[in-house]
> 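Before anything else, here's the structure in question.
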Amino acid sequence: MLFLRRVAKMNVEYMPPREDVILQNEAPDDVYIIVYGEVEIIDCEGEKEHVVGTLQFADMFGEVSALCYIPQSIFTTLVAED
């Protein structure tokens, strides 16, 4: 039932290139579905950052944190330039 309530609240949101979407150790309450562009999953260790994955059209992210209230302890997610 919680999932259906969240789907009913779905909004379209534009984010410019290089915009932070989900920060490390943040517990977002939004689920994101990519309809244009790419999202990089970045692992941050101290001052070092490296891309560990890329999400594209129709990929979804943030769902585990949003539904289970679990912080993103490993990744920072950034919108990549096209």
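Atoms considered below: every heavy atom in the structure, side chains included; atoms not considered: hydrogens, waters and symmetry mates.
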> Hydrophobic side-chain clustering at under 4.5 Å (ILVMFWY, transitive links): who's grouped with Ile70? Put none if nobody.
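Other cluster members: Val64.
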
> What pairs with Ile34 under side-chain contact (heavy atoms from CB on, under 4.5 Å), at least two apart in sequence or on another chain?
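Listed in chain order: Val39, Leu55, Asp59, Phe61.
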
> Of all the heavy-atom pairs spanning Val31 and Gly62, show the shortest one and how long it is.
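Scanning both residues completely, I find the closest heavy atoms to be CG2-O, 4.2 Å.
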
> Of all residues at least two apart in sequence or in a different chain, which pass the side-chain contact (heavy atoms from CB on, under 4.5 Å) check with Tyr14?
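With sequence neighbours excluded, Tyr14 shows a side-chain contact (heavy atoms from CB on, under 4.5 Å) to Pro16, Pro17, given in chain and number order.
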
> Can you list everything that forms a side-chain hydrogen bond (donor to acceptor under 3.5 Å, both in side chains) with Gln56? Sequence neighbours excluded, please.
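Here the qualifying residues are Glu38.
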
> Which heavy atom of Ala66 sits nearest to which heavy atom of Asp30, and what is that distance?
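Ala66 and Asp30 have their closest heavy atoms at CB-O, 3.8 Å.
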
> If you round to the nearest 0.5 Å, how far is CD of Gln24 from CG of Asp43?
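The CD atom of Gln24 is 7.0 Å from CG of Asp43, to the nearest 0.5 Å.
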
> Could you report the tightest heavy-atom contact between Val35 and Phe57, atom names first, then the distance?
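Closest approach of Val35 to Phe57: O-CD1, 3.4 Å.
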
> Do Glu40 and His50 have side chains that get closer than 4.5 Å, going by heavy atoms?
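Not in contact.
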
